[in-house]
Protein chains: 2
Amino acid sequence: MPSMPQWLYQRAQLTPHRLAFETEHEKLSFQQLYVHVQKTASALRSAGVVSGAYIASLQGNTIRCAILTHALMMAGAVMVPLNTRLSVDELTQQIQDSGSQMLITDESNEEKAIKVGEKTSCTVLHISALFTAKTPLIDFSTEVQLNEPCTVIFTSGTTGRPKGVVLTYGNHWWNANASLLNLGLTQKDTWLCCVPLFHVSGLSILMKSVIYGMPVYLCEKFSPETVNHQITKGGISHISVVAPMLQRMMDALGEGKTYPSTLRCILLGGGPVPQHLLQRCLGLHMPIYQTYGMSETASQSVTLPPESMLEKAGSAGKPLFPMQIRIISDGHSAAVDEPGEIQVKGPTVFSHYLNNADATKQAFEDQWFLTGDIGYLDDDGFLFVLDRRKDLIISGGENIYPAEVESILNGFEGVQRAGVIGIPDTQWGHVPIAFVSLRHAEQFSEHALIDYCRGHLAHYKVPKRIYVIDQLPENASHKLLRRKLFAYYKQMNNQ
Amino acid sequence: MPSMPQWLYQRAQLTPHRLAFETEHEKLSFQQLYVHVQKTASALRSAGVVSGAYIASLQGNTIRCAILTHALMMAGAVMVPLNTRLSVDELTQQIQDSGSQMLITDESNEEKAIKVGEKTSCTVLHISALFTAKTPLIDFSTEVQLNEPCTVIFTSGTTGRPKGVVLTYGNHWWNANASLLNLGLTQKDTWLCCVPLFHVSGLSILMKSVIYGMPVYLCEKFSPETVNHQITKGGISHISVVAPMLQRMMDALGEGKTYPSTLRCILLGGGPVPQHLLQRCLGLHMPIYQTYGMSETASQSVTLPPESMLEKAGSAGKPLFPMQIRIISDGHSAAVDEPGEIQVKGPTVFSHYLNNADATKQAFEDQWFLTGDIGYLDDDGFLFVLDRRKDLIISGGENIYPAEVESILNGFEGVQRAGVIGIPDTQWGHVPIAFVSLRHAEQFSEHALIDYCRGHLAHYKVPKRIYVIDQLPENASHKLLRRKLFAYYKQMNNQ
């Protein structure tokens, strides 16, 4: 892997006056961004952050968070962006699993961060301390090595314990370039970021910005009205969304209305897209690019090419230029239209799961990453994703593994066994519901159990309903048969 | 270095129906190109071309040559594209130096190729033999390794003997991507190629085409009228030129006339640009991107960013995103505005000179490539190139080293010593002229000596005038002092 100039350093050298960030309140050129970042990186160093250190971040979608992201890169640290919706228990586990020595937080997340700090040996630092610190400026390395780790993003795991996906500089670099070869690049491009910076979708926009020399319009919160206003004003060319966000944008826009042609890419990822939504958008000639990707592939790895948008609606498309996909069914290459496991190979595929050699080993066959997702290729080579990873529930773009929720439910006194499935929801795509069998039925309170879940899980993972049943469906070796729960659900709701 | 899909294979999979090539006579989609290339690669294999073989090509700018280029890549061979303007002696040397086992030629170059074949052990093959061969189709590897050699391009050397620059797949890949980050990419882009495919400038357009999924309009010969016609029709977005070509295009276009805005990039490389030409183009708001590059950097490595076109006219610009440059004067980093040697580092820098470890060693310091060219950086970091490599003469975009021409002159009976310099020329930028001292002045014929040169050198290298002088200027150790010859020239022409 070749060395190359440190990205922000080079960008500020090459096009200092180009806009890097815009928010409702402020604008920053790449030169201004560089000045902030160098200052912040210097403050990090003086706070004891050495090159190679793992540093967690628990923050909202602010310019300061974007500056911190670049500052950690400049200081040679590995950033561990944490999902702000996680519970204290979940965050504590990720801090411990990543060996993060410091947790940097902001106003909105400070309370939770302090609780995490009390449960771990991790120093909690308020980001404003970095911005107000008066430390001498340091000249950091002006080069990066593409095989060095850059970020660790935790993903839910099939076994209930989230895994830390290590992405190298090279993974992010190749993703930015691969996307470029599909979507193109003009000097007028501006990417609106209303997806979380702690997800690979948001993070990858920051990487593209500095590599492309492209401004990002950063939204602190997702508001369909604000997003529509920015797009309609004509200054936005790209936006990354998940289906529920797009649905709300369309609803706010109003029937029959569409966006100006300055918006040239709606990158639509994070799970299945309802047919009616897709048809409505395509009927209005909206530039929908359906995409398939995950943390492990540094964001999109498969995307519908623009010329196939209409003809192949519903498909996630074809691999990005440096990527390869294959479908394996029963150990063999699947035939056209035959479903099987989607496997991905290429330079955006992650390096390894942090401190989890077993999971890494299980995730690869040669250099192919075994996604666990099910799909097929049609006879033109287009990928259709059928099912996400075994039992995965995608709710508003967030991944929820039943096993993770079940392990919390099973820890509640009185619960004998729990089973979780996802059911369709108009707002979120899917939401989790639970079935439990009880030890002492008379003492059970659904309310208390949901409260208990809220204390241990991110709120989006908390079951929306809990059904009590006598016994959960099991196979001969007492393994939970989750798919039978779908029938129970239908029965109980007379569907 | 990661593996990735074979470029043309992947491109034909992803966007089969996009246009790949257009000429005056034909059009080829990427799918059609793939079919031709697979057939040609299969024919190459059956003609004994194994993976890793060095195969020379002596051909004009035809679609067949472009197909052969891709076919050699598909067959895993290393292409050695030879300059069709070279003499039989020069070609013979390059065939021998590269160890090429086969020389593939076309109608226009067959006669010369056969003569080369007679002087070497190299098989000469007419390209039409590959196109008419009826060989079973082979399924070639669908992956490439970026650290594998892809092409060998010979460049003139300061010592008189051309060196074979080995460029890997990675070098070409990074060049295409680096250029993209500077120039952007849209679905309407079409690159007009009227520079030779045997130069890195033309070759890099082929690489960009397949990586970007972008059509190339290929011109067999450079004709200012044809080029102007294509641009004016509105179908061309990019063109690569050297200054003498641009001058002829402007002359043919007519005073005060300009190109439509569909032409968004005139990539202007290959040596110094006369101020009056630059000013005329910029006055007409032409999108001139001055650039600095060479075979050793897989084409452009430094290019003027679009926003600095007017403010920094005359500058070669800033490094492409993955590249770094530095100016070294007397072993130290030069100050702002202080001239020194231009050194380049980054993933487009060539791997090594073929079979020439000494030259490779001398060309690098750490990972910095020592170009030998002289330039300075202004206080905004823009590169101004002052002098090309020691004594290099650039004539119509072709490099001529005085030492190479002198070694031929010195081999002529009766010549005691020869010295060659370049003088300004309105058509070609510069042309070579020679000074010779003689053993037997009375028997000398300038005409005979020029004829002799034509037999041994490419015509563009043959001195336009030969001046006889008593003694060439030498230093104490009898080293030729070429710079004194400029004064002689002025004196003789009463300038």
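Values below: all heavy atoms of this structure, side chains included; hydrogens, waters and symmetry mates excluded. So that the names make sense, note that chain A is the first sequence line, chain B the second, and so on, each numbered from 1.
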Q) For Asp337(B), which residues count as a salt bridge (Lys or Arg N to Asp or Glu O under 4.0 Å) partner, sequence neighbours excluded? A) none
Q: Grab the two heavy atoms, one from Leu185(B) and one from Leu180(A), that are nearest each other, plus how far apart they are.
A: CD2-O, 4.3 Å
**Q.** Non-neighbouring partners of Lys208(B) that pass salt bridge (Lys or Arg N to Asp or Glu O under 4.0 Å), sequence neighbours left out
**A.** none
**Q.** Non-neighbouring partners of Lys27(A) that pass side-chain contact (heavy atoms from CB on, under 4.5 Å), sequence neighbours left out
**A.** Leu19(A), Glu22(A)
Q: Indicate yes or no: at least one non-hydrogen side-chain atom of Thr186(B) is less than 4.5 angstrom from one of Thr186(A).
A: yes
Q. Which atom pair, heavy atoms only, marks the closest approach of Pro347(B) to Ser3(A)?
A. CD-O, 4.1 Å
Q) Within a radius of less than 6.0 Å around CD of Glu338(B), do more than 12 heavy atoms belonging to other residues, nucleotides or ligands occur? A) yes
Q. Which bit of Arg11(A) comes within less than 4.5 Å of chain B, counting heavy atoms only: side chain, backbone, both or neither?
A. both
Q. If you check every heavy atom in residues 318-328 of chain A against those of chain B, which residues fall under 4.5 Å?
A. Lys318(A), Pro319(A), Leu320(A), Phe321(A), Pro322(A), Met323(A), Gln324(A)
Q: Mind ranking Glu143(A), Met214(A), Lys345(A), Gln367(A) by heavy-atom pairs under 4.5 Å with chain B and telling me who comes out on top?
A: Glu143(A)
Q) Tell me, do Leu14(B) and Asn182(A) make a side-chain contact under 4.5 Å, heavy atoms counted? A) no
Q. Using non-hydrogen atoms only, which part of Val210(B) is less than 4.5 Å away from chain A: side chain, backbone, both, or neither?
A. backbone
Q: Just give me the residue among Trp173(A), Phe382(A), Trp7(A) that pairs up with chain B most often, heavy atom to heavy atom, under 4.5 Å.
A: Trp173(A)
